[in-house]
Amino acid sequence: MSPSKVSSISWDSFHNTVDGQPRNSKSKHRGVNPATGEELWEVPIGTQQDIDDAVKAAQKAFETWSETPLEKRKETLTKFRDHYMTFADELIDLMCQETGKPRQFAEFEVKGASMFFDHHLNLNIPEERDEDDEKVMLTRYTPLGVVGAICPWNFPIILSLGKVIPALLTGNTIIVKPSPYTPYTTLKIVEIAQEILAPGILQAVGGDDKLGPMLTTHPGIAKISFTGSIATGKKVMAAAASTLKRVTLELGGNDASIVLPDVDIKKIAPELVMGAFQNSGQVCVATKRIYIHEDIYDEMLKEMVEFTKSIKTGDPSSGALLGPIQNKMQYEKVKTFFEDSKSQGYKFAVGEPEVSKSKGFFVQPTIIDNPPNDSRIIQEEPFGPIVPTQPWSDEEEVIKRANNTNAGLGACVWGKDIERAERIGKRLQAGSVFVNSWEKPTPQAFFGGHKESGIGGEWGKEGLKAYCNAHVLHTYKSK
Ligand code: NAD
């Protein structure tokens, strides 16, 4: 089918996709619109049989897809991108309902996914040639087989297509498991893709948390690309060991932001705040600790408080800057950081210890002024709109404080003295360090965590190798 709007996609029913066909299930569950607390559509809970069938179909499709020339695969993925984009408006509406995101951010995610297509469509699979007097060594990168993609709920489209596109480009086939909290956009995109791709190349099986282990232990799956929490990441790695699957683990973070004394306070204060509160703090690389030089601490905090007070929180169509927490489980978890900060007597520079009692899962953005180093709010990732600030005076000491965490995903340094900011940035133990910007991962750059924030990484040029085996051909020259 050519990329056009002529399609049979319906927007009020959802199903898994196995071997090119809709797959339903006796058991169903429903997501919840976090802005209203209302239940959304039924979705099937996939079973072991669904996973077994999907793996079989993916293995079969791999035989042809992996042998399809790269240029041809790119042509097909280009058609998929164009077809996907014709549904942008419907997907934005759907994303607003499943995530509660303000409409402009849902739009940014839906349309931003085309950047992920475009970046990958411009890449070639690397090939390296080395030679000595005796032989030629050719290193090629070949597809692994069937990939299982296990996804979180905070960016359901970017974080699933961010796996699907490089996996397919490199000749793998892929089964996507969306988060039980946000199944809708992913199931629909995979359904849309069936109008372009042959059966078995891209499949989706959603359901409950039992499905993840079915993928991580399945002998027919060659690789798991997982994005989620550190705790689940450890389970994924342990389970994958039984079949020696390749794993990429994109896990949680506890990003530090270090502010030098020479910054333009009025200009930087809103940026620091948005780094922490983007997507209501539900970002793996949101700023989670802010270290401000003591010379400007009070003034910077005052500006940050003023800006935070101006932020509107509300439902997707309200024009608000921040939406709700995506689900009840996370809402309850975020509340514990408020309760802990209140019971320990920490100072709320802005925000209230009592989280709102509205129907949706709304939390007002909150700054905790100078809690101790061993506080929960410094040590752990809240994954919600609450952030601590602390003053610093000694460069060596603040670098140690920033690195004093099991996480190592992102970090920021802010300063007019770029040389100093970069010098500090190079010593921060994190996969992605941003100088004079809050954390903005991009498909052009490799993204992965240090320490417990992950194993391996994706995107950029190097990211393609995450979906490949190195295959070295040693050809001896004739004697
Ligand atoms: P989560 O770990 O609870 O769930 C992630 C996925 O794993 C879901 O699809 C879930 O169903 C599945 N799962 C649950 N148990 C499993 C098991 N035993 N085996 C396999 N899969 C299983 O994470 P979440 O709450 O969805 O996401 C929030 C977390 O993800 C935060 O810690 C955040 O920092 C992190 N995150 C990291 C990145 C990154 O790129 N590094 C991006 C987004 C989110």
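Ligands are counted one by one from 1 in listed order, and the atoms in each one are counted from 1 as well. Note that this is a predicted model, so its numbers are computed, not measured. Residue numbers count from 1 along this sequence.
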Engineer: Identify whether NZ of Lys or CZ of Arg in Lys440 sits under 6.0 Å from the centre of the six-membered ring of Phe434 and within 45° of that ring's axis.
Structural biologist: no

Engineer: Mind checking whether Tyr181 contacts ligand 1 via backbone (N, CA, C, O), side chain (CB onward), both or neither, at a 4.0 Å heavy-atom cut-off?
Structural biologist: neither

Engineer: Of all the atoms in ligand 1, which lie at a distance below 4.0 Å from a heavy atom belonging to Pro180?
Structural biologist: 11 (O)

Engineer: List every atom of ligand 1 that sits less than 4.0 Å from any heavy atom of Lys177, numbering the atoms from 1 in the order shown and giving each element.
Structural biologist: 8 (C), 9 (O), 10 (C), 11 (O), 12 (C)

Engineer: Give the minimum heavy-atom separation between Phe62 and Gly171, together with the two atoms involved.
Structural biologist: CE1-O, 3.2 Å

Engineer: Give me the residue, atom name and distance of the protein heavy atom closest to atom 11 (O) of ligand 1.
Structural biologist: Asp209 OD1, 2.5 Å

Engineer: Check ring pair (Phe, Tyr, Trp, His ring centres under 6.0 Å) between Tyr346 and all other residues, then give those that pass, not counting sequence neighbours.
Structural biologist: none

Engineer: Check for me whether Pro213 has a heavy atom closer than 4.0 Å to any atom of ligand 1.
Structural biologist: yes

Engineer: About how many Å separate CD of Glu352 and CD of Gln364, when rounded to the nearest 0.5 Å?
Structural biologist: 9.0 Å

Engineer: Heavy-atom contact under 4.0 Å between Phe447 and ligand 1?
Structural biologist: yes

Engineer: For ligand 1, note which part of Leu211 has a heavy atom under 4.0 Å away: side chain, backbone, both or neither.
Structural biologist: neither

Engineer: For the side chain of Lys288 and the backbone of Cys284, is there at least one donor-acceptor N/O pair under 3.5 Å apart?
Structural biologist: yes

Engineer: For ligand 1, does Leu409 get within less than 4.0 Å through its side chain, its backbone, both, or neither, judged by non-hydrogen atoms?
Structural biologist: side chain

Engineer: Can a protein heavy atom be found under 4.0 Å away from atom 18 (N) of ligand 1?
Structural biologist: yes

Engineer: May I ask you to list the atoms of ligand 1 that are less than 4.0 angstrom from any heavy atom of Cys284?
Structural biologist: 34 (O), 36 (N), 37 (C), 38 (C), 39 (C), 40 (O), 41 (N), 42 (C), 43 (C), 44 (C)

Engineer: Which is it for Leu215 and ligand 1 at heavy atoms under 4.0 Å: side chain, backbone, both or neither?
Structural biologist: neither

Engineer: Is any N or O atom of Lys235, backbone or side chain, closer than 3.5 Å to an N or O atom of ligand 1?
Structural biologist: no

Engineer: Is it the case that Lys188 places NZ or CZ above or below the six-membered ring of Phe14, under 6.0 angstrom from the centre and within 45 degrees of the axis?
Structural biologist: yes

Engineer: Below 3.5 angstrom, do we get any N/O pair linking Gly228 and ligand 1?
Structural biologist: yes

Engineer: Short list, please: which atoms of ligand 1 are under 4.0 Å from a heavy atom of Phe226?
Structural biologist: 2 (O), 5 (C), 6 (C), 7 (O)

Engineer: Quick check: does Thr227 get an N/O under 3.5 Å from an N/O on ligand 1?
Structural biologist: no

Engineer: Output yes when Asp118 and Arg81 qualify as a salt bridge under the 4.0 Å nitrogen-oxygen rule, no when they do not.
Structural biologist: yes

Engineer: Atom NE2 in His29, atom CD in Glu39: separation rounded to 0.5 Å?
Structural biologist: 11.0 Å

Engineer: Checking Trp438 against Ser257 for the side-chain hydrogen bond (donor to acceptor under 3.5 Å, both in side chains) test, could you report, in this order, the C-alpha distance in whole Å, the side-chain angles of both residues, the deciding distance, and whether it holds?
Structural biologist: CA-CA 8 Å; Trp438 41 281; Ser257 203; over 6 Å; no

Engineer: With a cut-off of 4.0 Å, which atoms of ligand 1 are near a heavy atom of Ile150?
Structural biologist: 6 (C), 7 (O), 9 (O), 12 (C), 20 (C), 21 (N)

Engineer: Quick one: look up the protein heavy atom nearest atom 3 (O) of ligand 1 and list residue, atom name and how far away it is.
Structural biologist: Thr232 OG1, 3.9 Å

Engineer: Considering only heavy atoms, does Gln282 approach ligand 1 within less than 4.0 Å through its side chain, its backbone, both, or neither?
Structural biologist: neither

Engineer: Can we say Lys328 and Glu332 salt-bridge, meaning some charged N sits less than 4.0 Å from an Asp/Glu carboxylate O?
Structural biologist: yes

Engineer: Between Asp340 and Arg376, is the closest basic N to carboxylate O distance under 4.0 Å?
Structural biologist: no

Engineer: Measure centre to centre between the rings of Trp392 and Tyr291, then say whether the value is under 6.0 Å.
Structural biologist: no

Engineer: Aromatic contact between Phe383 and Trp153, with the criterion being ring centroids under 6.0 Å apart: yes or no?
Structural biologist: yes

Engineer: Go through ligand 1 atom by atom and flag the ones less than 4.0 Å from a non-hydrogen atom of Glu381.
Structural biologist: 31 (C), 32 (O), 33 (C), 34 (O)

Engineer: Would you mind running through ligand 1 and noting each atom that sits below 4.0 Å from a heavy atom of Leu159?
Structural biologist: 42 (C), 43 (C)

Engineer: Give the residue and atom name of whichever protein heavy atom lies nearest to atom 21 (N) of ligand 1, and the separation in Å to one decimal.
Structural biologist: Gly212 CA, 3.5 Å

Engineer: Measuring only between side-chain heavy atoms, which start at C-beta, is Leu215 closer than 4.5 Å to Lys177?
Structural biologist: yes

Engineer: Nearest protein heavy atom to atom 25 (O) of ligand 1, by residue and atom, and its distance?
Structural biologist: Trp153 NE1, 2.9 Å

Engineer: Once you restrict to heavy atoms under 4.0 Å, what part of Val236 touches ligand 1? Side chain, backbone, both or neither.
Structural biologist: side chain

Engineer: Go through ligand 1 atom by atom and flag the ones less than 4.0 Å from a non-hydrogen atom of Leu251.
Structural biologist: 37 (C), 38 (C), 39 (C), 41 (N)

Engineer: Would you say Cys151 contacts ligand 1, with heavy atoms under 4.0 Å as the rule?
Structural biologist: yes

Engineer: Could you tell me which non-hydrogen atom of Ala113 sits nearest to which non-hydrogen atom of Ile165, and how far apart they are?
Structural biologist: O-CD1, 4.4 Å

Engineer: Given that the side chain starts at C-beta and the backbone is N, CA, C, O, which of these parts of Phe155 lies under 4.0 Å from ligand 1, counting heavy atoms, or is it both or neither?
Structural biologist: neither

Engineer: Is it the case that ligand 1 has an N or O less than 3.5 angstrom from some N or O of Ser229?
Structural biologist: yes

